[in-house]
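These notes are about the structure you will find just below.
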Amino acid sequence: MERIDRRISYKIVLDTETCPIDKDFDGVSPQNMWAYDIGWAVVDKRGKVYDTKSFVNADIFLNEKELMQSAYYSNKIPMYWEDIKAGKRILTSFYNIKKALVEDIEKFGVTEIFAHNMRFDYGTLNTTQRWLTKSKFRYFFPYGVDICDTLKMARDVILKMPTYRKFCEENGYFTKNGQLRATAEILYRFISKDNNFIESHTGLEDVLIEKEILAYCYKQHKKMRKLLWE
């Protein structure tokens, strides 16, 4: 691990994978999701990675085995066990995961945490926190850290680029409402010029493409929103 340079504005990019609490609930709501895979990277605005963490939340992964079977990517459960045995991911409690995040925030002097569609990750982490602590602790992210969204950044920067519109038109990347799609996978296909790229849908691996969206937006030097609530 590199020496910490206080001149650098370190940021954390985070991603979660979730399973539904009520599998009969129609739609995807953060209030109906528990986080079982939480990964993050400490990066700078150019996307350089200084540290990474990949955790499997034992409180859900082990203790809610029936619900885990209804997770969208439940077919990856054997892969998680292989990665845990190989030391690629750490199986531990939600409490320890939050503790590790706070330690990285303090160690690197992080003031901003990013996710792509942060509304979902923010909501599902709070839902998990509240259930596991019986609402004694209600918020996963520590107070005072700015909660930011690369989706907002991409909408203000990448989606306004004529080249991105052309890319979406050529590939049919539109929502049902006729809007340009802005998933991390499609944005990364555009940035990397690799239209065959398939997102991993595992926490840390997805972070490593989402930090490229962050870096690409910063590189354009355009006015953009980044805070979740702005």
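Along the sequence shown, residues carry numbers from 1. It should be emphasised that the depicted structure is a prediction, and the values quoted were computed from it without experimental measurement.
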With sequence neighbours excluded, what pairs up with [X] under the side chain to side chain contact (heavy atoms under 4.5 Å, CB included) test?
{"X": "Y72", "answer": "none"}
{"X": "E185", "answer": "T183, R189, F197, I198, E199"}
{"X": "E212", "answer": "Y188"}
{"X": "R165", "answer": "E169, F174, L180"}

For a quick test of reading the model, state the closest non-hydrogen atom pair linking [X] to [Y] and the distance between them.
{"X": "K53", "Y": "D104", "result": "NZ-OD2, 3.1 Å"}
{"X": "A35", "Y": "L125", "result": "CB-CD2, 4.0 Å"}
{"X": "R181", "Y": "C168", "result": "O-SG, 4.4 Å"}
{"X": "A184", "Y": "E210", "result": "CB-CG, 4.0 Å"}
{"X": "V43", "Y": "V49", "result": "CG1-CG2, 4.0 Å"}
{"X": "V102", "Y": "P142", "result": "CG2-CG, 4.2 Å"}

Please table the atom pairs, donor to acceptor, closer than 3.5 Å between any side-chain atom in residues 77-84 and protein atoms at least two apart or in another chain.
| from | atom 1 | to | atom 2 | distance (Å) |
| --- | --- | --- | --- | --- |
| Y80 | OH | D37 | OD2 | 2.5 |
| D83 | OD2 | R89 | NE | 2.9 |
| D83 | OD2 | R89 | NH2 | 3.1 |

| Angle class for the F55/W40 ring planes (parallel below 30°, perpendicular above 60°, tilted otherwise)? |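 Tilted: the ring planes of F55 and W40 meet at 30° to 60°.
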| Full working for side-chain contact (heavy atoms from CB on, under 4.5 Å) between T52 and V207 | CA-CA 9 Å; T52 60; V207 160; over 6 Å; no
| Quick one: do E17 and K76 make a salt bridge, cutoff under 4.0 Å? |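 Salt bridge between E17 and K76, a charged N being under 4.0 Å from a carboxylate O: no.
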| request: Please test C217 against M224 for side-chain contact (heavy atoms from CB on, under 4.5 Å), starting from the C-alpha separation and ending with a verdict. | output: CA-CA 8 Å; C217 288; M224 62 184 177; 3.9 Å; yes
| Any residue meeting ring-ring contact (aromatic ring centres under 6.0 Å, His included) with F120, in chain and number order, not counting sequence neighbours |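 Partners of F120 under the ring-ring contact (aromatic ring centres under 6.0 Å, His included) test: none.
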| How about E230: does its CD atom have over 12 heavy atoms from other parts shown lying under 6.0 Å from it? |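 Check passes, neighbour count above 12.
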| query | Has R130 got more than 12 heavy atoms of other residues, nucleotides or ligands less than 6.0 Å from its CZ? | reply |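 For R130, atom CZ is crowded (more than 12 foreign heavy atoms under 6.0 Å).
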Quick check for you: to the nearest 0.5 Å, what is the distance between [X] atom [atom1] and [Y] atom [atom2]?
{"X": "L151", "Y": "H116", "atom1": "CG", "atom2": "NE2", "value": "4.5 Å"}
{"X": "F141", "Y": "I113", "atom1": "CZ", "atom2": "CD1", "value": "5.0 Å"}
{"X": "S9", "Y": "D44", "atom1": "OG", "atom2": "CG", "value": "8.5 Å"}
{"X": "N96", "Y": "L101", "atom1": "CG", "atom2": "CG", "value": "12.5 Å"}
{"X": "I90", "Y": "I38", "atom1": "CD1", "atom2": "CD1", "value": "12.5 Å"}
{"X": "K98", "Y": "T133", "atom1": "NZ", "atom2": "OG1", "value": "8.0 Å"}

Please check this pair: side chain of [X] against backbone of [Y], looking for a donor-acceptor N/O pair closer than 3.5 Å.
{"X": "Q220", "Y": "Y216", "result": "yes"}
{"X": "N171", "Y": "Y173", "result": "no"}
{"X": "S74", "Y": "S70", "result": "no"}
{"X": "D149", "Y": "M118", "result": "yes"}
{"X": "D156", "Y": "R225", "result": "yes"}
{"X": "N32", "Y": "P20", "result": "no"}
{"X": "D59", "Y": "S93", "result": "no"}
{"X": "K11", "Y": "K45", "result": "no"}

| Is the ring centre of Y50 less than 6.0 Å from the ring centre of Y10? |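 Centroid separation for Y50 and Y10: below 6.0 Å.
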| task | Would you please indicate yes or no on a ring centroid separation below 6.0 angstrom for W34 and F94? | result |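 No, the ring of F94 stays outside the 6.0 Å limit from the ring of W34, centre to centre.
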| task | Report yes or no: do T18 and T16 form a side-chain donor-acceptor pair below 3.5 Å? | result |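 There is no such pair between these side chains.
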If Ile, Leu, Val, Met, Phe, Trp and Tyr residues are connected whenever their side-chain heavy atoms lie under 4.5 Å apart, and connections chain through other members, are [X] and [Y] in the same group?
{"X": "W131", "Y": "Y139", "result": "yes"}
{"X": "V56", "Y": "M33", "result": "no"}
{"X": "I209", "Y": "F167", "result": "no"}
{"X": "L67", "Y": "L62", "result": "yes"}
{"X": "M161", "Y": "I191", "result": "yes"}

Is there a side-chain contact between [X] and [Y] in this structure, where contact means two heavy atoms from C-beta onward sitting under 4.5 Å apart?
{"X": "W229", "Y": "I147", "result": "yes"}
{"X": "M68", "Y": "F61", "result": "yes"}
{"X": "M153", "Y": "Y218", "result": "yes"}
{"X": "K222", "Y": "K160", "result": "no"}

| field | Verdict with reasoning, Y36 to Y73, per side-chain contact (heavy atoms from CB on, under 4.5 Å) | value | CA-CA 11 Å; Y36 64 83; Y73 297 104; 4.1 Å; yes
| request: Kindly determine whether N57 and L132 satisfy side-chain contact (heavy atoms from CB on, under 4.5 Å), including the steps that lead there. | output: CA-CA 11 Å; N57 178 8; L132 290 173; 4.3 Å; yes
